Amino acid sequence: MEFIYWLVAIILLVLIGYGAIMYLTRQQANRIKEIDEKKQKAMAIPVADNLFTLKNMNLTGQTKRTYESWQATWQTITRFQYPEIEAALVSAEQYIQRMNFIKAKQAISQADQLIDETKNSVEKVNKALEKLLESAQENRKELEEIQERYNKIRKQLLAHSFTFGPAIETLEKNLNYMELDFTKFNSLTNEGDHMEAKEILSRIEQDLLVMEEVVEKIPQLNEKIKTEYEEQVNDLKDGYQRLLDEKYIFEGVDVSVEIAAVEKEIQEAKDSIALADINEAGKKMDKVERDIEAVYAIMEKEMEAKEFVGRHTANLQKKMDHVLQSNRYVLLEIDRVSQNYFLNKNELGRAQEFEEQLLKENEALRYYDKMMKEHEISYSVVREYYEKISQRLSEIDKEQSELVSNLSDLRNREKEIKDSIDLYELDMRNMKRTIEKYHLPGLPKIYLDLFFSVTDRIEDLASKLNRVKIDMDEIDAISKMCEEDIEMLDNQTQTIVDNAMLTEYMIQYANRFRHSHVEIENAINKALVLFHREYDYAGALEAIKIPLNRIEAGAARKVEESYQEEKNRHYY
């Protein structure tokens, strides 16, 4: 029984192995078949037919060399690559028969790779051959289009030769060169060198594009020169002659030379057009435009300057006379004011300097007027001077007004300070009455020194104001010091009064603690000494204030608030 089982197992293994062999054999045979079909498709590409057709076309030159190169490539494919593919497939079949499936698979992969590479090479060769076959037909079609454009240009030159001027000769010469290229193209085509013919045709195409642009633009350029530039030059000549007839002067520039230079530039532009060099002609014409505008600007500048001078001559002389007259008044005013006041800002020197400048410029103004009448100076130069002197006259006039205003202000300043003296004296009397009102036992020495110093300064100020000739700068300085000292003295007066009154208030408030607190008794006695003997009211206040706050916190502040309320009631 066991033997039967083993026998069945062996049979099954044999059957499985046979099945696997059959599967691998069939699979690799199918792959060989697929590769063979790919080879047949590659071989079906009509490379040989195209080579045969080209061979019978009597090719020459570059076309023949290209054909021979591709023919050699095809021969390499047919002699070596196809046999190599075939050998790989045969090897694969033999390995299959021997059941060496690994070797068979390697041979199949090699054949597959070779057929792909070969197919790409065959397609590349065939595409190149087809392009050679088509080149002749394409050349003929392109030639028809180019020939039509060429004929159109030739007809245009014949029909409108007058619009091209001297350039017609150059254009016809260029057409003749193109005719030679057409002849060469036909020769190469007849000889079978279609690739070289294609290059000639491309060159004709480029030349034709340039020719079409030139033929289009040359009439436009000629028209612009004739109707714009030459007419403008004539206009410049006529205008310049009219200005010369009207006795215009042009300084620093010779307009006739500038016009001649423009005419030369126009001729150079024409020469470039005659050579059909429209790019160079365009550059020269741009320069012509700029130079024409520049010459117009020169003449317009002089005409505008004449109009300006005509409008401003009379007014400028009036302005000059007015400022001169004003300066004489300033000098008289300085002389009058200087009899009563010291002048510390060089007023006389400034006015004399104005006088010197004005007389000099007035002489220059008359000189320019004389030069214009004799036609020996350009209007633009005169205009430049007019603008400069007009601005200077305005500046001098403004400075004169400021100077006179300052002189007039001296009298006002004197009156203001005299009025201020009355106020200063009133302030001093009020401060004295304030001190007397409170019947103080005496005043601190520093306060008295300041009081008498301010009094002396006010008297000195009044004395200086009563002089025949006064120095207002000195007076102003003294007056300012008086103001500052009076303000300081007023503050000290108020401080003395407040400290004195607060000391009395504090002592009155502290009397309630006098018999119960020795400290308060001593503080009151010390404060009274400072108050009545040393007149140190601030020290007296401090002597009673600090102990009082120690006995009753906030007592000093309460007294100060009470005093301030009472002071405000009496003040208002």
Side-chain angles (χ1 to χ4, degrees), residues 316 318-365 387-431 446 448-492:
L316 188 58
K318 289 180 181 178
K319 188 173 183 180
M320 174 65 76
D321 294 340
H322 164 74
V323 178
L324 271 168
Q325 185 62 35
S326 296
N327 208 65
R328 295 188 184 100
Y329 168 76
V330 171
L331 288 168
L332 291 173
E333 187 67 8
I334 290 172
D335 182 63
R336 183 185 68 80
V337 172
S338 65
Q339 295 175 17
N340 298 317
Y341 299 94
F342 288 100
L343 302 180
N344 302 318
K345 296 179 181 178
N346 193 31
E347 287 87 348
L348 180 59
R350 288 168 62 198
Q352 290 173 340
E353 184 180 340
F354 292 156
E355 183 81 6
E356 182 180 345
Q357 289 182 16
L358 290 169
L359 291 173
K360 181 179 177 181
E361 295 299 345
N362 191 42
E363 186 64 28
L365 197 61
E387 290 173 342
K388 178 182 176 182
I389 188 58
S390 179
Q391 180 180 357
R392 183 57 187 143
L393 288 174
S394 297
E395 292 171 355
I396 292 175
D397 187 52
K398 181 180 178 182
E399 292 181 42
Q400 287 173 340
S401 298
E402 292 174 353
L403 203 156
V404 170
S405 176
N406 291 336
L407 292 174
S408 301
D409 193 46
L410 290 172
R411 178 68 65 183
N412 295 330
R413 287 162 61 192
E414 180 187 4
K415 183 178 182 304
E416 288 176 1
I417 291 177
K418 282 182 177 180
D419 293 340
S420 296
I421 290 175
D422 294 337
L423 294 175
Y424 298 158
E425 292 174 343
L426 178 62
D427 287 339
M428 296 297 288
R429 287 195 296 272
N430 287 338
M431 282 186 276
I446 190 171
L448 290 172
D449 289 344
L450 179 61
F451 187 92
F452 292 126
S453 173
V454 174
T455 302
D456 291 343
R457 185 169 286 126
I458 293 172
E459 290 176 355
D460 182 52
L461 179 62
S463 174
K464 283 181 167 57
L465 277 172
N466 288 328
R467 292 175 179 174
V468 176
K469 188 172 182 178
I470 62 177
D471 186 341
M472 282 309 303
D473 288 344
E474 180 187 17
I475 296 295
D476 284 336
I478 296 173
S479 178
K480 185 176 181 181
M481 285 191 289
C482 288
E483 283 184 15
E484 294 172 351
D485 289 348
I486 288 172
E487 183 180 357
M488 185 188 305
L489 189 63
D490 185 56
N491 291 333
Q492 289 188 18

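Numbers here are sequence positions counted from 1. What you see is a predicted model, and the numbers here were worked out from it, not measured in a lab.
For the pair Met481/Leu461, no side-chain contact is recorded, criterion being any heavy-atom separation below 4.5 Å from C-beta on. Side chains of Arg413 and Asp473 form a contact here, defined as non-hydrogen atoms less than 4.5 Å apart. Between Lys318 and Asp321 the shortest side-chain heavy-atom distance does not fall below 4.5 Å. When side chains are defined from C-beta on, Asn340 counts as touching Arg411, because their heavy atoms get closer than 4.5 Å. The shortest distance between side-chain heavy atoms of Asp335 and Leu348 does not fall below 4.5 Å. The shortest side-chain heavy-atom distance between Lys319 and Ile389 does not fall under the 4.5 Å cut-off.
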Criterion side-chain contact (heavy atoms from CB on, under 4.5 Å) on Met431 and Ile486, from CA distance to verdict: CA-CA 10 Å; Met431 282 186 276; Ile486 288 172; 4.1 Å; yes
side-chain contact (heavy atoms from CB on, under 4.5 Å) for Gln352 and Leu331? Distances and angles first, verdict last. CA-CA 8 Å; Gln352 290 173 340; Leu331 288 168; 4.2 Å; yes
Would you check, one step at a time, whether the test side-chain contact (heavy atoms from CB on, under 4.5 Å) holds for Asp490 with Asp427? CA-CA 8 Å; Asp490 185 56; Asp427 287 339; over 6 Å; no
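Looking at every heavy atom in both residues, Ser338 comes nearest to Leu343 through CB-CD1, 3.9 Å. Of all non-hydrogen atoms in Ile334 and Glu347, the two that sit nearest each other are CD1-O, 3.4 Å. When all heavy atoms of Met428 and Ile458 are compared, the pair lying nearest together is CG-CD1, 3.8 Å. Of all heavy-atom pairs spanning Leu465 and Ile470, the tightest one is O-CG2, 4.0 Å.
Under a 3.5 Å cut-off, the side chain of Tyr424 and the backbone N or O of Ser479 do form a donor-acceptor pair. A donor-acceptor pair under 3.5 Å is formed between the side chain of Asn327 and the backbone N or O of Ala351. Ser390 places no side-chain N or O within 3.5 Å of a backbone atom of Glu387 that could act as its donor or acceptor partner. One N or O on the side chain of Gln400 and one on the backbone of Val323 form a donor-acceptor pair closer than 3.5 Å. Judged by distance alone, with hydrogens and angles left aside, the side-chain atoms of Ser420 form a donor-acceptor pair with the main-chain N or O of Glu416 at under 3.5 Å. Judged by distance alone, the side chain of Ser463 and the main-chain N or O of Glu459 form no donor-acceptor pair under 3.5 Å. Put simply, the side chain of Ser453 never gets that close to the backbone of Asp449: no donor and acceptor are under 3.5 Å apart.
Atom CZ of Phe452 sits about 10.5 Å away from atom CG of Leu489, to the nearest 0.5 Å. A distance of 13.5 Å separates CG in Leu426 from CD1 in Ile421, rounded to the nearest 0.5 Å. Taking CG of Asp397 as the reference point, atom CE of Met320 lies at 12.0 Å (rounded to 0.5 Å). The CG atom of Leu359 lies 13.5 Å from the CZ atom of Phe354; values are rounded to the nearest 0.5 Å. Between Ile417 atom CD1 and Cys482 atom SG the span is 9.5 Å, to the nearest 0.5 Å. Here His322 contributes atom NE2 and Leu393 contributes atom CG; the two are 9.5 Å apart, rounded to the nearest 0.5 Å.
Within a 6.0 Å radius of CD1 in Ile446, no more than 12 heavy atoms belonging to other residues, nucleotides or ligands are found. Counting heavy atoms of neighbouring residues, nucleotides and ligands inside a 6.0 Å radius, atom CD of Glu402 exceeds 12 of them. Dense packing is recorded around NZ of Lys469, with more than 12 heavy atoms of other residues, nucleotides or ligands lying under 6.0 Å away. For Glu474, the CD atom is densely surrounded, since the number of other residues' heavy atoms within 6.0 Å is greater than 12.
Here Lys360 does not pair with Glu356 in a salt bridge; the nearest charged N to carboxylate O distance is not below 4.0 Å. A salt bridge links Glu333 to Arg336: one of the charged nitrogens lies within less than 4.0 Å of a carboxylate oxygen. The residues Glu395 and Lys398 are annotated as not salt-bridged, no charged nitrogen and carboxylate oxygen being separated by less than 4.0 angstrom. Using a cutoff of 4.0 Å between basic side-chain nitrogens and carboxylate oxygens, Arg392 and Glu399 are scored as salt-bridged. Lys464 and Asp460 are joined by a salt bridge, as a carboxylate oxygen and a charged side-chain nitrogen come within less than 4.0 angstrom of each other. Here Lys480 does not pair with Asp476 in a salt bridge; the nearest charged N to carboxylate O distance is not below 4.0 Å.
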